[in-house]
Amino acid sequence: QQSAGVISRFFFHSAYPTLKLGSQRPLKEDDLPELGKLESPRHNRLKIEKVWAEEVKSGRMNLGRALLADFITSTWKAQLLAFINFLARIGQAYALGLLMEEFGRY
């Protein structure tokens with residue numbers, strides 16, 4: 001940890017005690033922190049079963065398509081922001097090119 005950078009320390013601060021314990025001895029199930037409700041296997045199983053039931057009800061019966069559709073509908077806001085970021089980066093590069101052309105005239 002002493003040679004780790006500031007960013008590494010920030011991101012691994014909560015995991016460091018577990019990592020240190022794991023370097024001293026094999027970890028047991030009791031050594032690991034509890035998962036949050038949304039990360040629990042039970043929650044994920046119920047979610048997949050719900051998605052599958054809706055897919056069967058629609059008559060398509062394609063688990064891959066159902067999971068992809070659920071992923072897209074549950075992350076559309078993040079996807080929209082990523083697309084806006086993409087467009088902004090292209091616009092920024094274009095504007096920089098115009099600025100460089102303008103400075104090149106002098």
d(L38 CG, K47 NZ) to nearest 0.5 Å is 10.0 Å

Which pair of heavy atoms, one from D31 and one from P26, lies closest together, and at what distance? OD2-O, 4.3 Å

Please say whether more than 12 non-hydrogen atoms of neighbouring residues, nucleotides or ligands are located less than 6.0 Å from CZ in R89. no

Are any of the side-chain nitrogens in D70 or K50 under 4.0 Å away from the carboxylate oxygens of its partner? no

Output the distance between atom CZ (R60) and atom CD (E54), rounded to the nearest 0.5 Å. 10.0 Å

Surrounding CD of E49 (heavy atoms of other residues, nucleotides or ligands, distance under 6.0 Å), is the total greater than 12? yes

Give a yes or no on whether M61 and L68 share a hydrophobic cluster (residues Ile, Leu, Val, Met, Phe, Trp, Tyr; joining criterion: side-chain heavy atoms under 4.5 Å apart). no

Work out which heavy atom in L32 is nearest to a heavy atom in L27; give both atom names and the distance. CD2-CD1, 4.0 Å

Considering only heavy atoms from C-beta outward, does the side chain of L98 approach that of E102 to under 4.5 Å? no

If hydrophobic clusters are built by linking Ile, Leu, Val, Met, Phe, Trp and Tyr wherever their side-chain heavy atoms come under 4.5 Å apart, do V56 and L67 end up in the same one? yes

What is the distance from atom OH of Y16 to atom NE2 of H13, rounded to the nearest 0.5 Å? 11.0 Å

Enclosure of Q24 CD (heavy-atom neighbours >12, cutoff 6.0 Å): yes

Within-4.5 Å side-chain heavy-atom neighbours: L63 and E55: no

Should the heavy atoms of other residues, nucleotides or ligands under 6.0 Å from CZ of R42 be counted, would the total exceed 12? no

Does the side chain of H43 reach to within under 4.5 Å of the side chain of L46, using non-hydrogen atoms? no

Of all heavy-atom pairs linking S40 and L35, the shortest is CA-CD1, 4.3 Å

Same apolar cluster: W76 and L81, side chain cutoff 4.5 Å: no

Nearest heavy-atom contact between Q79 and T75 is NE2-OG1, 2.7 Å

